[in-house]
2 protein chains.
Amino acid sequence: MSKRTEKTIVDIAEELKLSISTVSRALNNHPNISVKTKEKVKKMANKLGYRPNAMAAGLRNSKSRTIGLVVPRISMFFPATISTVIQNKLYEHGYHVLICQSNDSLEQEIALAETLYSTRIDALAVSSTLYTTDFSHFDIFKDNNIPLVFFDRVPKDYQAKVVRGDDYLGGYTVTEHLIEKGCKDIVHISGPLTCSLYVDRVAGYKNALRKHKIPFQKSRVFYQELTKENAQQTCEKIFAKKPWPDGVFAANDTTAITILEHCRKLNLRVPEDIKIVGYSNDPRAEIITPTITSVDQFPALMGERVAAALLDLMQQPASTPQRYSEEIVPIELIERASSAAAETTAKKVGKKKVK
Amino acid sequence: MSKRTEKTIVDIAEELKLSISTVSRALNNHPNISVKTKEKVKKMANKLGYRPNAMAAGLRNSKSRTIGLVVPRISMFFPATISTVIQNKLYEHGYHVLICQSNDSLEQEIALAETLYSTRIDALAVSSTLYTTDFSHFDIFKDNNIPLVFFDRVPKDYQAKVVRGDDYLGGYTVTEHLIEKGCKDIVHISGPLTCSLYVDRVAGYKNALRKHKIPFQKSRVFYQELTKENAQQTCEKIFAKKPWPDGVFAANDTTAITILEHCRKLNLRVPEDIKIVGYSNDPRAEIITPTITSVDQFPALMGERVAAALLDLMQQPASTPQRYSEEIVPIELIERASSAAAETTAKKVGKKKVK
DNA sequence: GTATTTTATGCAAACGTTTGCAATTTTCCG
DNA sequence: CGGAAAATTGCAAACGTTTGCATAAAATAC
């Protein structure tokens, strides 16, 4: 294999005794080129096994047709689903998506911003690290009029297009739900407050308590990265001394599941002795016994909104003042067995899948 | 914002009254450049907010520093984990990974191969569609000496580097396990035979049966895309008429879970009346009640092997005859409650998490 | 049959790097 | 201090496209 095998439009031009520009235009279906020539060119391109060089084209018109996507991790249900949707949607429009993971490390997120900029992505969508409070590493994109969309984990005070869930309402709804089912002492396991969405959920939690005249107790809220390990530790703390809570609002399903398992070990009955609600509606929530009440955040819908926002921003001329609107994706409480009211437990559990 | 804001090495050169080449070399730490100049250049680069243009560099030396990754879907546990590992590993070495999803559509896979080639990726890793039997759309990569690694769902007769699980052993081990636990009539729900890994698992299943003198019955094997919906339909068929099987070997965990739920509806006790084993060790398998025995395929290890193979192949000069070796990642049966022997059920179930 | 419009093609510059080779400067040594 | 070797720096071409402008060819009009 002698290398030198890469065919270019120059080769096509020579072969056909045409100019390079004609070939380029023919391949791009430029209207000024006659149908006859176009056919000839395309046929020859095929024959020679020509493949366009995206880097050359990209360099020429400073468009990479690639979009950056930064998420904490794709192994988590919620961001994975969103990423899938974004990618498929944008692919339909001829864009590649560079899916990158920050692994919830601010340092990695900063590095990613830098290298993604170097690849001259046409737009960027990001769901930030839990610990990102300063978003200035994304300034480059703004400064250069590169569409920038934040979703799910979004900045608080940073001018940019935002697509997020209704976390205040989520927190409120869950808490009120638990109260209505009879809980008087509800623990909330939250993510760190460096992430605004948890701030909102906590606010919802507090307001629901207030509305129902239940005193808010600082000691009943825990702030932590929502991993299984942390959930286990927190369980130890919660159940170290009585009184035990009769309700738990966990800010994700991994945490809810871990608590459920812990309760099982303590021979606490769920939902009779303690009710549990998670968040995000992870597929595991409806598989475990008892099934866990959770909050659906409609990740597919969010993905579509993000994709639409990206396409929209790329459409409008760079001169257009970037739109900094905020879109809110609805949430829906999915009631399951883990939070059923005591007397209706049997019914509720039996209810699912009534074909 | 007047555009024209993008700084280039030319700007740095002018600012510093240096030549473009010196600037380029300085930024790349070329040994011929004096330390003093390097510092000066880097400082100015910073000051001007210079960011290298990866496309220009890529065009010049026909290296994109980007690697393609094609998987059926990233929302599935197994490929998601592998993708994560590959991406993180390659990122450490300065490569981007374009994670793309074929959505199990051959058509999309072919299109992806084409467009990924156009972006001049430096290497490609792929886990194919269930239905890919003809792999010739990847010929372009081979013909142009672009490293090509297949993993998990790999081709049967196609010259390329391959990293795959030990599916024959997996099928054999699961089947023998069920037999040893007392099953006499084992149904196997397999993926379509267009995908070689299922061929291997079926072979393992058959051989285990033969070894234990259990006749193989064609009607006890089902071939289907392993979705929840298909699993439900197959359940209908299996339990439409007696005798019912006393063991099920499902080729993935989604299927195993669906069967388990179906058995619950039929008031069949698992594992007492029927034992179930899944495949891939999805996190859901150890959350459901009873927990489901499954086969760990060590996705992280596989991801590392794939990443290593990619890096290795990119290292060696294009002239080196491409190595077409096959690496086999081990598997391990993770025994759980769903396949425990009748008499030991209690013990087994109680055993997990004995702190 | 010439002038004018319309349609189709070609020229050449530009995009931002990298790099072989040549040129220049510095260092070193007797 | 002269000259050679070593250390720096610069020139210019190349990577494969796209595109404004100019030109050529064909079609239309008079």
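Proteins come first, then strands; the chains are lettered A, B, ... in the order of their sequence lines, and each starts at number 1. Bear in mind that the values here come from a model prediction, so they are computed numbers and not experimental data.
A side-chain donor from one of B:Thr22 and B:Ser19 sits under 3.5 Å from a side-chain acceptor of the other. Checked by atom type, the side-chain pair A:His137/A:Glu109 shows a donor-acceptor distance below 3.5 Å. For the residue pair B:Arg51 and A:Tyr117, no side-chain donor N or O sits within less than 3.5 Å of a side-chain acceptor on the partner.
Residue contacts shown for B:Asn53 are limited to sugar-phosphate atoms, with no base heavy atom under 4.0 Å away.
Between the C1' atom of C:dT25 and the CG atom of B:Leu18 lies a distance of 14 Å, rounded to the nearest Å. Atom C1' of nucleotide D:dA14 and atom CD1 of B:Ile20 are separated by 14 Å, given to the nearest angstrom. Look at NZ on B:Lys7: it is 18 Å from C1' on C:dT17, rounded to the nearest Å. Computed from coordinates, the B:Glu14 CD to D:dG10 P distance equals 13 Å when rounded to whole Å. Residue A:Asp11 contributes atom CG, which lies 11 Å from atom P of D:dC15 at whole-angstrom precision. For B:Leu59 and D:dA13, the CG to P distance is 17 Å, given to the nearest whole Å. Counting to the nearest Å, the P atom of D:dG16 and the CG atom of A:Leu27 are 15 Å from each other. Atom CG of B:Asn28 and atom P of C:dT19 are 8 Å apart (whole Å).
For B:Ala57, whose side chain is taken as the heavy atoms from C-beta onward, the closest listed nucleotide among C:dT9, C:dT17, D:dT8 is C:dT17. Among C:dT9, D:dT17, C:dT17, the nucleotide with an atom closest to any side-chain atom of A:Ala56 is D:dT17. Distance from the side chain of B:Arg25 is smallest to C:dT19 among C:dT9, D:dT17, C:dT19.
Phosphate proximity of D:dT9 to B:Ser21: absent, as no side-chain N or O sits under 4.0 Å from OP1 or OP2. Between A:Thr8 and D:dC15, a side-chain N or O to OP1/OP2 separation shorter than 4.0 Å is absent. A close approach under 4.0 Å does occur between a side-chain nitrogen or oxygen of A:Thr37 and OP1 or OP2 of C:dT9. Put simply, B:Ser24 has no side-chain N or O that comes within less than 4.0 Å of OP1 or OP2 on C:dG16. For the pair B:Ser19 and D:dG10, the criterion of a side-chain N or O lying under 4.0 Å from OP1 or OP2 is met.
To the nearest 0.5 Å, the span separating CD on A:Gln87 from CD1 on B:Ile99 amounts to 8.0 Å.
Using bins of under 30°, 30° to 60° and over 60° for the plane-to-plane angle, the ring pair B:Phe135/B:Tyr158 lands in the tilted bin.
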